[in-house]
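Here is the structure we will look at, set down as structure tokens.
Count residues from 1 along the sequence. Source: prediction; values computed, not measured.
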Amino acid sequence: MALVTAPKQDRSRATRQRLLEAAVACLAERGWAGSTVAVVAERAGVSRGAAQHHFPTREDLFTAAVEYVAEERSQALRALEARDRHEVVAAIVDLYTGPLFRAALHLWVAASNEDQLRERVTELEARVGRESHRIAVHLLGADESVPGVRETVQGLLDMARGLGLATLLTDDTTRRRRVVTQWAALVDAALG
């Protein structure tokens with residue numbers, strides 16, 4: 001019996017993974033209004049019924065997609081093998097200017113107007129924010145017992161988020177490189 005169950009569980013996990021990846025891509029490309037369960041299911045190559053088996057509601061699907069995005073962002077940060085603070089700052093900014101952040105942002109906007117979604121997204125983003133901060137502190141070798149260090153790290157994350165917002169409208173890669181270089185110098189000076 002276990003031999004029959006394992007392949008079924010593997011298929012189920014693979015289907016769930018495809019749905020999450022499709023949901024993230026749809027949010028990033030189409031926004032909340034253009035991202036329905038049917039659109040995501042089609043993109044993932046599964047039936048709408050299969051999608052609803054894994055995620056009974058649209059909110060379930062897209063909240064899980066943002067959790068997936070958050071975990072992907074955290075894993076990418078944890079895997080960073082930066083040799084200096086400039087690389088850490090650049091990697092953090094890259095995470096906030098890429099498609100994962102764009103997908104999360106569309107969900108934030110939707111949550112600001114939909115009560116059902118707001119509570120779930122607010123709770124999730126608070127958790128993601130704490131985790132991102134912890135990882136950044138570790139990567140930067142920051143000592144938060146020193147006055148101002150916590151605020152410096154949070155300022156870096158806030159700045160990265162702002163650059164992510166700017167990227168939605170235009171490709172500001174050249175300007176962003178200069179900003180990253182300056183922020184890396186500021187962070188390095190502040191952290192010692």
Side-chain angles (χ1 to χ4, degrees), residues 19-36 39-40 42-44 58-59 61-114 117-118 120-122 124-133 135-137 139-140 151-191:
L19 285 165
L20 291 173
E21 290 171 358
V24 169
C26 283
L27 272 177
E29 293 167 12
R30 298 172 175 236
W32 176 255
S35 298
T36 64
V39 167
V40 170
E42 182 179 330
R43 185 178 188 127
R58 182 180 188 207
E59 290 79 11
L61 172 61
F62 289 103
T63 302
V66 171
E67 285 184 82
Y68 170 75
V69 166
E71 184 52 35
E72 290 292 307
R73 284 190 337 211
S74 293
Q75 283 181 12
L77 277 176
R78 284 191 292 267
L80 183 62
E81 305 256 346
R83 291 177 292 281
D84 62 33
R85 288 187 174 138
H86 183 275
E87 289 181 15
V88 173
V89 171
I92 289 170
V93 168
D94 285 349
L95 286 176
Y96 282 98
T97 56
L100 297 178
F101 177 75
R102 180 182 288 261
L105 183 60
H106 282 294
L107 195 62
W108 292 353
V109 171
S112 72
N113 295 312
E114 296 195 23
L117 197 54
R118 183 180 300 124
R120 294 171 79 172
V121 172
T122 301
L124 172 63
E125 284 304 320
R127 191 174 71 233
V128 169
R130 287 189 302 271
E131 176 69 6
S132 296
H133 188 95
I135 293 168
V137 165
L139 290 172
L140 293 166
E151 293 77 10
T152 298
V153 173
Q154 190 57 52
L156 166 62
L157 294 171
D158 291 344
M159 181 275 306
R161 220 177 277 112
L163 290 174
L165 289 172
T167 301
L168 289 175
L169 299 176
T170 60
D171 179 8
D172 66 343
T173 304
T174 303
R175 181 183 70 86
R176 189 169 60 239
R177 281 190 198 117
R178 291 191 311 267
V179 171
V180 165
T181 298
Q182 180 62 29
W183 263 89
L186 293 170
V187 166
D188 205 34
L191 300 182

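In this structure the side chain of Gln182 never reaches within 4.5 angstrom of the side chain of Met159, judged on heavy atoms. Two residues are said to be in side-chain contact when any heavy atoms from C-beta on lie closer than 4.5 Å; Arg102 and His106 meet this criterion. Taking 4.5 Å as the limit, every side-chain heavy atom of Phe62 sits out of range of all side-chain heavy atoms of Val121. Two residues are said to be in side-chain contact when any heavy atoms from C-beta on lie closer than 4.5 Å; Trp108 and Leu105 meet this criterion. Between Arg177 and Val180, every side-chain heavy-atom pair lies at or beyond the 4.5 Å cut-off. Annotation: side chain of Arg176 is in contact with side chain of Thr173 (closest heavy-atom distance under 4.5 Å). When side chains are defined from C-beta on, Leu163 counts as touching Arg175, because their heavy atoms get closer than 4.5 Å.
Remark: Thr170 pairs with Asp172 by the side chain to side chain contact (heavy atoms under 4.5 Å, CB included) rule, at least two apart or across chains.
For the atom pair CZ of Phe101 and OG1 of Thr167, the computed distance is 9.0 Å after rounding to the nearest 0.5 Å. Atoms CD and CG, from Glu72 and Leu95 in turn, are 10.5 Å apart once rounded to the nearest 0.5 Å. Atom CZ in Arg127 sits 9.5 Å away from atom CD in Glu125 (nearest 0.5 Å). Atom CG of residue Leu140 and atom CD1 of residue Ile135 lie 11.5 Å apart, to the nearest 0.5 angstrom. Taking CZ of Arg161 as the start and CG of Leu156 as the end, the distance is 10.0 Å to the nearest 0.5 Å. Taken to the nearest 0.5 Å, the CG atom of Leu186 stands 11.0 Å off from the OG1 atom of Thr181.
Remark: side-chain polar atoms of Ser112 are paired, donor with acceptor, to backbone N or O of Val109 under 3.5 angstrom. Proximity of a side-chain donor or acceptor of Arg43 to a complementary backbone N or O of Glu21 within less than 3.5 Å is not detected.
Residues Cys26 and Val40 share a closest heavy-atom pair of SG-CG2, 4.0 Å. Nearest approach of Leu124 to Glu67, heavy atoms of both residues: CD1-CG, 3.3 Å. Arg58 and Thr36 make their closest contact through NE-CA, 4.3 Å (heavy atoms, listed as atom of the first residue, atom of the second, distance). For the residue pair Leu20 and Ala65, the shortest heavy atom distance occurs at CD2-N, 3.6 Å. Across all non-hydrogen atoms, the minimal contact from Tyr96 to Ala160 is CB-O, 3.3 Å. When all heavy atoms are compared, the tightest approach of Leu157 to His133 is CD1-CA, 3.7 Å.
Open room surrounds CD on Glu42; 12 or fewer heavy atoms of other groups in view lie less than 6.0 Å from it.
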